J.: 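Right, I'll just put the structure down here and ask away after.
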Amino acid sequence: MTSTTPQWRVARVDRTQVLLLDCGATRVERAVPLKPGGLLERTVGEPTVPAVGDAVVLADERALLLPRRSELVRDTADRTSHTQVMAANLDLALIVEHLDPAPSLGRIERFVTLAWDSGATPAVVLTKADLHRDPSAVVAEVQRVAPAVEVRSVSAVTGEGLDDVRALLADDLTLVLVGPSGAGKSTLVNALAGAEVMATGERRSDGKGRHTTTHRRLLPLPLAGGTAWVIDTPGVRAVGLVAREDALERGFPDVVALTQECRFRDCQHDGEPGCAIEAAVADGTLDADRLASWRSHEREAARQRARMSGRLAQEIKAQGRQHARRVRDLKRVGKFRR
Ligand SMILES: Nc1nc2c(ncn2[C@@H]2O[C@H](COP(=O)(O)OP(=O)(O)OP(=O)(O)O)[C@@H](O)[C@H]2O)c(=O)[nH]1
Ligand SMILES: [Mg+2]
Ligand SMILES: [Zn+2]
C-alpha cells in the first residue's frame, strides 16, 4: 500500500451519523455521531457537512475532517443557491450511461463539465453493450460531445469492455460513478469487484421491489495490483451546473479553440464579422447542437455564480442590518442614560 491513503474515510453519510472506513489494513467500519445540523468538525475552519470520500483523523475519539483535495459539486436546483457535494477526494469520475435506451448526450456534457470543475478526470462508460447492435457508433457520437475524454463501452453480462474500464484504475485511486438510475452503476461496481458488493436494480422474481441505490457509498475495490476506492451513488436525472469558466473550457475545447480565431476578442458570435464560430457552423465543422449546449452551459454557470454571490451579498447585508440594529440599540441605551 502507498502511504498517501488516509487511514479513515467517510464511507456513508446519514442524518445523524457517518460511517468511517479504515482504509489501512483492517477495513474496520466505525460509526461516529454528527453534530446538530449534520455537521462534523474540521481540522481547519468551521464545522461542515461531511461528504463520502472525505478523509478523517480520529483524535481523542473526536473525528476531524481533513481538507479536501477535490470535490464533485452539483447545483440541487433549489430556490436558494444550495449546492451539494456528491463525493470528495476524487481522482476519476466515471460518467455511466446505458447504450439502450440511448444515452443522454446533454447529461454527459454536463457531468463532464462538473467533473472537470471537481478536479477529477472524467471518463464516460456506456453500459449494456450486449443490448446494442453497434456500440462503437454510439461511442463515436459521445466522443464528439466529450472531446479529450476517454469513452468506453461495457457489458456486465458478457464482460466485454471490462478490462478497458479496469485500465483506467490504479492502486490508491478514488473513483466515483455517476449517472441516471438504472444505468448499471452498481452492476459495474460488482463486475469490477468480482463480487456482489452492491445491491442492484435486478427485479426480484416475485416482481416486488427494485434494489436501486439510495445512499452514496465508498467501498474498497481490489485490483490486480492494489486497491482502488470506489464511490457508488444513487441515480440522478438532472444535473445542475456549478462551474468555473475553466471547467467549461475543458469541457468544450473544440468550441473554445474556435473562439480564439474570431476576429474580435470579445466576439459574441452573433453576426460579428470574422466570427470563426459562425463560419464553423456554416461549413459543418461545428455542430449547431454543440454550440447551443456550450451557450446554455455558460448561461447556467453564470446564473449559478450570480446566485451564489447574491446569497453571499444577502448574508453580508443581513449581518450589516444586525450590526446597525445593535448600534442603534446601543445609542438608544446611551440616550436613555443621558
Ligand atoms: N443487459 C444488461 N443489463 C445490465 C447491464 N448492467 C446493468 N444491467 C441491468 O440494469 C439494471 C440496473 O442496474 P443497476 O446496476 O442497479 O443500476 P444503477 O445505475 O446502479 O441504478 P441506481 O442505483 O438506481 O442509480 C439491472 O437490472 C441490471 O441487471 C449490462 O451490461 N447488460
Ligand atoms: Mg445503483
Ligand atoms: Zn465569434
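All of these numbers come straight from a predicted model, not from anything done at the bench.
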J.: Indicate yes or no: at least one non-hydrogen side-chain atom of W229 is less than 4.5 angstrom from one of L218.
T.: yes
J.: Determine whether R30 and D22 satisfy the following criterion, side-chain contact (heavy atoms from CB on, under 4.5 Å), listing intermediate values before the conclusion.
T.: CA-CA 8 Å; R30 185 158 165 178; D22 179 358; over 6 Å; no
J.: Where the side chain of N190 meets the backbone of V197, is there a donor-acceptor pair that is under 3.5 Å apart?
T.: yes
J.: Using the side-chain hydrogen bond (donor to acceptor under 3.5 Å, both in side chains) definition, which of the options K128, K185, R107 pairs with E97?
T.: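 Testing each of K128, K185, R107 against E97, the sole residue satisfying side-chain hydrogen bond (donor to acceptor under 3.5 Å, both in side chains) is R107.
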J.: Side chain to side chain donor-acceptor pair (under 3.5 Å) between D14 and T16: does it pass, once the steps are laid out?
T.: CA-CA 6 Å; D14 291 297; T16 59; over 6 Å; no
J.: Is D117 close to V73 at the side-chain level, that is, under 4.5 Å between some pair of heavy atoms?
T.: no
J.: Is T233 reaching over with its side chain to a backbone N or O of R216, donor-acceptor style, under 3.5 angstrom?
T.: no
J.: Kindly compute the distance separating SG (C275) from CG (L258), expressed to the nearest 0.5 Å.
T.: 9.0 Å
J.: Mind telling me whether F252 and H297 have parallel, tilted or perpendicular rings, with 30° and 60° as the class edges?
T.: perpendicular
J.: Working to the nearest 0.5 Å, report the span between CZ of R133 and CG of L99.
T.: 12.5 Å
J.: Where the side chain of N89 meets the backbone of R68, is there a donor-acceptor pair that is under 3.5 Å apart?
T.: no
J.: Check whether any side-chain N or O of D91 sits under 3.5 Å from a backbone N or O of T174 as a donor-acceptor pair, and report yes or no.
T.: yes
J.: Write down the atom of G182, the atom of H98, and the distance for their closest heavy-atom approach.
T.: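 Closest pair (atom of G182, atom of H98, distance): O-CD2, 3.7 Å.
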J.: For the pair D232 (side chain) and R217 (backbone), establish whether a donor and an acceptor sit closer than 3.5 Å, ignoring hydrogens and angles.
T.: no
J.: How long is the gap from CZ on R69 to CG on L66, to the nearest 0.5 Å?
T.: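 Going from CZ on R69 over to CG on L66, the span is 11.5 Å.
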J.: If you apply the rule salt bridge (Lys or Arg N to Asp or Glu O under 4.0 Å), what do you find for D287 with R144, and how did you get there?
T.: CA-CA 9 Å; D287 202 23; R144 274 200 295 278; 6.0 Å; no
J.: Could you report the tightest heavy-atom contact between E41 and R62, atom names first, then the distance?
T.: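 Smallest interatomic distance, heavy atoms only, reads OE2-NH1, 3.3 Å.
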J.: Tell me whether L131 is reachable from V154 by hopping between hydrophobic residues (I, L, V, M, F, W, Y) whose side-chain heavy atoms are closer than 4.5 Å.
T.: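 No.
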J.: Got a second to check how far L173's CG is from L221's CG, nearest 0.5 Å?
T.: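 These two atoms lie 9.5 Å from each other.
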J.: Using side-chain heavy atoms (C-beta onward) and a distance below 4.5 Å, is T127 in contact with S155?
T.: no
J.: Evaluate side-chain contact (heavy atoms from CB on, under 4.5 Å) for L94 paired with L168, printing each intermediate quantity in order.
T.: CA-CA 10 Å; L94 286 189; L168 302 171; 4.1 Å; yes
J.: Do F111 and L92 share a hydrophobic cluster, counting only Ile, Leu, Val, Met, Phe, Trp and Tyr and linking them when any side-chain heavy atoms are less than 4.5 Å apart?
T.: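 No: no chain of side-chain contacts under 4.5 Å links F111 to L92.
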J.: Carefully, step by step, assess T43 and L65 under the rule side-chain contact (heavy atoms from CB on, under 4.5 Å).
T.: CA-CA 6 Å; T43 53; L65 290 172; over 6 Å; no
J.: With clusters defined by side-chain heavy atoms of hydrophobic residues (ILVMFWY) lying less than 4.5 Å apart, directly or transitively, does M198 cluster with I95?
T.: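 In one cluster with I95: M198, no.
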J.: Do C267 and E272 come close enough that some side-chain heavy atom pair is under 4.5 Å?
T.: yes
J.: What is the distance from atom SG of C262 to atom NE2 of H269, rounded to the nearest 0.5 Å?
T.: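 That separation rounds to 5.0 Å.
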J.: Hey, are the side chains of V236 and V178 touching, using non-hydrogen atoms and a 4.5 Å cut-off?
T.: no
J.: About how many Å separate CG of D130 and OG of S153, when rounded to the nearest 0.5 Å?
T.: 10.5 Å
J.: Carefully, step by step, assess V125 and L188 under the rule side-chain contact (heavy atoms from CB on, under 4.5 Å).
T.: CA-CA 10 Å; V125 178; L188 181 59; 4.0 Å; yes
J.: Counting only N and O atoms by type, is there a donor-acceptor contact under 3.5 Å from the side chain of Q17 to the main-chain atoms of V13?
T.: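 Not a single qualifying donor-acceptor pair exists.
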J.: List the steps, then state whether side chain to side chain donor-acceptor pair (under 3.5 Å) holds for S293 with E109.
T.: CA-CA 8 Å; S293 288; E109 278 178 322; 2.7 Å; yes
J.: Determine whether P47 and K35 make a side-chain contact, defined as any pair of heavy atoms from C-beta on separated by less than 4.5 Å.
T.: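 Yes, side chains in contact.
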J.: Work out which heavy atom in A199 is nearest to a heavy atom in T213; give both atom names and the distance.
T.: O-OG1, 4.3 Å
J.: Identify the two heavy atoms, one from V56 and one from V10, that lie closest to each other, and give their separation to 0.1 Å.
T.: CG2-CG2, 3.7 Å
J.: Do L21 and M86 sit in the same hydrophobic cluster, where Ile, Leu, Val, Met, Phe, Trp and Tyr count as joined when their side-chain heavy atoms come under 4.5 Å apart?
T.: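 Per the 4.5 Å side-chain linkage, L21 and M86 are co-clustered.
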J.: For V281, does its backbone N or O pair with a side-chain atom of T285 as donor and acceptor, under 3.5 Å?
T.: no
J.: On a heavy-atom basis, which atom in S70 and which in L90 lie closest, and how many Å separate them?
T.: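 Heavy atoms only, the tightest pair is OG-N, 2.7 Å.
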J.: Can you tell me if E160 uses its side chain to pair, donor with acceptor, with the backbone of T158 under 3.5 Å?
T.: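 No: the side chain of E160 does not pair with the backbone of T158.
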J.: A side-chain contact here means heavy atoms from C-beta on lying under 4.5 Å apart; do W116 and P122 qualify?
T.: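 Yes, side chains in contact.
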J.: Ignoring hydrogens and geometry, is there a side-chain-to-backbone donor-acceptor pair from E150 to V165 under 3.5 Å?
T.: no
J.: Please find the pair of heavy atoms, one from P103 and one from I108, that lie closest to each other, and give the distance.
T.: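 Looking at all heavy atoms of both residues, the shortest contact is CB-CD1, 4.2 Å.
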J.: Donor-acceptor pair, distance only, cut-off 3.5 Å: does the side chain of R12 make one with the backbone of L19?
T.: no
J.: Quick one: do L219 and V52 end up in the same hydrophobic cluster if we chain Ile, Leu, Val, Met, Phe, Trp and Tyr together by side-chain heavy atoms under 4.5 Å apart?
T.: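 Different clusters: L219 never reaches V52 through Ile, Leu, Val, Met, Phe, Trp or Tyr contacts under 4.5 Å.
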J.: For residues L286 and I277, determine if any side-chain heavy atom of one lies less than 4.5 Å from a side-chain heavy atom of the other.
T.: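 They are in side-chain contact.
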